[in-house]
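The figures here come from the full heavy-atom set of this structure, side chains too, leaving out hydrogens, waters and symmetry mates. Naming convention: chains lettered A, B, ... in sequence-line order (proteins, then strands); numbering from 1 in each chain.
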Amino acid sequence: MATHPTQYAHPESLVETDWLEKHLNDEGIRIVESNEDILLYDTGHIPGAVHIDWRADLQDPVIRDYISPEKFARLCSRHGITPDTTCIFYGDKANWWACYALWAFRLFGHEKVKILNGGRDKWKAENRPMTREVPKYPETNYPVPKKRFDKEIRAFFDEALAQSKSSKPLIDVRSPGEYKGEITHMPEYPQEGVLRGGHIPSAKSMPWKTATNDDATFKPAGELAKIYLDQCGVKPGTDTIVYCRIGERSSHTWFVLTYLLGLDNVRNYDGSWTEWGNKVGAPIEKST
Amino acid sequence: MYPTKLNSIINLFEILPEDERRETLVSYADNAKKQEPREGENFELVDVRKDEECMDTVGVYLHVGENGKAQIRMTLGPEVQTLTRSMSAILCKGLEGSTPREILDLPSDFVTRIVGAELVRVRSQTIYYVLTRIKSICKVYLDRQRMAAA
């Protein structure tokens, strides 16, 4: 039986709500809120936090892809972010979209990124300060990233297919019903947007939520290791691909594997089930 | 043709710049609680449930006055998203004084005119759900009226 870690591989990648409340005005940090509820930021947010909309700000409006490096530089400049700024992401839904935004920032090579453990719900539950005041920061001149790190942290259809055929670790982080093919969207969402239900052949089911406690904080390192190393068969140094429906829940798991367990070679297949389940010729499996 | 009150709300939203549109939507969401049933009010029909495809419980309450005009009240669980709260408040206000038949015949194309294309996404389709729920309670009311008259 392998010995499991007793602490996160990169504990500095998380900040606690207590810490953040004491450091709201620190130089060199930018708090970034990213949510599923598109008007939630407008109803109140952590003082000083800026809003990044996962679709309007991070995705190309025409091609299913992310924005260009030029647009990323403009986005960061608009929010007063420089390459040296530590971006602390938080949001609703236990940080799904916060992890997605963090992952997108990593795609463009922004290195100083952290997650607020417990996200918006924990901050609010602890009655910490909220405001509707939208901060304005002096515009910066963020340099246009020279490359996007797609190859390193992002998987495409062909790579997911190769992973499936070679039976290397492939983790489906959707709900059990989605994995089995009983439903095509998360429970409690309109069931639309994909033609077939099921999962990628050879993928193991490990819902994203398995990694969190009831208050949306992450489970301790030892428990995470048991879940992903023991139960999913993920190994350090082995290519691992995670997917969900459009890539936000799998960003959460990607963050856990990459930052909390310190695994290399983990990629997020953001095309996920909305690509795979609709794609002509893509094999699927269903299970009971 | 939309009911007069709803039409005024649509016209207001259509001239608002994007940031003010968001502010106004949030303001409606803030006031959604004001559309809950009030003490002493009676309703002909009450439909409180959590559907499979909705995040939380949504309650719809219908009162039809002697003049045949409807009064809609709504209750929303805490997990209901902001945009859906906004739309609930807008519909309760905008449909006040319409008949159940007028509500049932209401086309849904006004939703994007209020919300704006920027905010309508696959995951915000539940804003249409609220309208569907209001229409369905009106349909039940009209069916019962028809059966009673038969």
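The CD atom of B:Gln81 sits 11.0 Å away from atom OG1 of A:Thr43, with the distance rounded to the nearest 0.5 Å.
For a heavy-atom cut-off of 4.5 Å, chain A lies close to B:Arg22, B:Leu25, B:Val26, B:Asp30 in residues 5-30 of chain B.
Atom NZ of B:Lys93 has 12 or fewer heavy atoms from other residues, nucleotides or ligands within 6.0 Å. Heavy-atom contacts from other residues, nucleotides or ligands closer than 6.0 Å to CD of A:Glu70 number more than 12. More than 12 heavy atoms of other residues, nucleotides or ligands sit less than 6.0 Å from atom NZ of B:Lys135.
Paired with A:Ile38 under the rule side chain to side chain contact (heavy atoms under 4.5 Å, CB included), one option of B:Leu83, B:Thr82, B:Val115 passes, and it is B:Leu83.
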Distance-only donor-acceptor hits, side chain of residues 141-150 of chain B, under 3.5 Å, sequence neighbours excluded:
from, atom 1, to, atom 2, distance (Å)
B:Asp143, OD1, B:Arg146, NH2, 2.7
B:Asp143, OD2, B:Lys139, NZ, 3.1

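Looking at A:Asn35, neither its backbone nor its side chain comes within 4.5 Å of chain B, counting heavy atoms on both sides.
In this structure, the side chains of A:Leu39 and B:Leu119 come closer than 4.5 Å at one or more pairs of heavy atoms.
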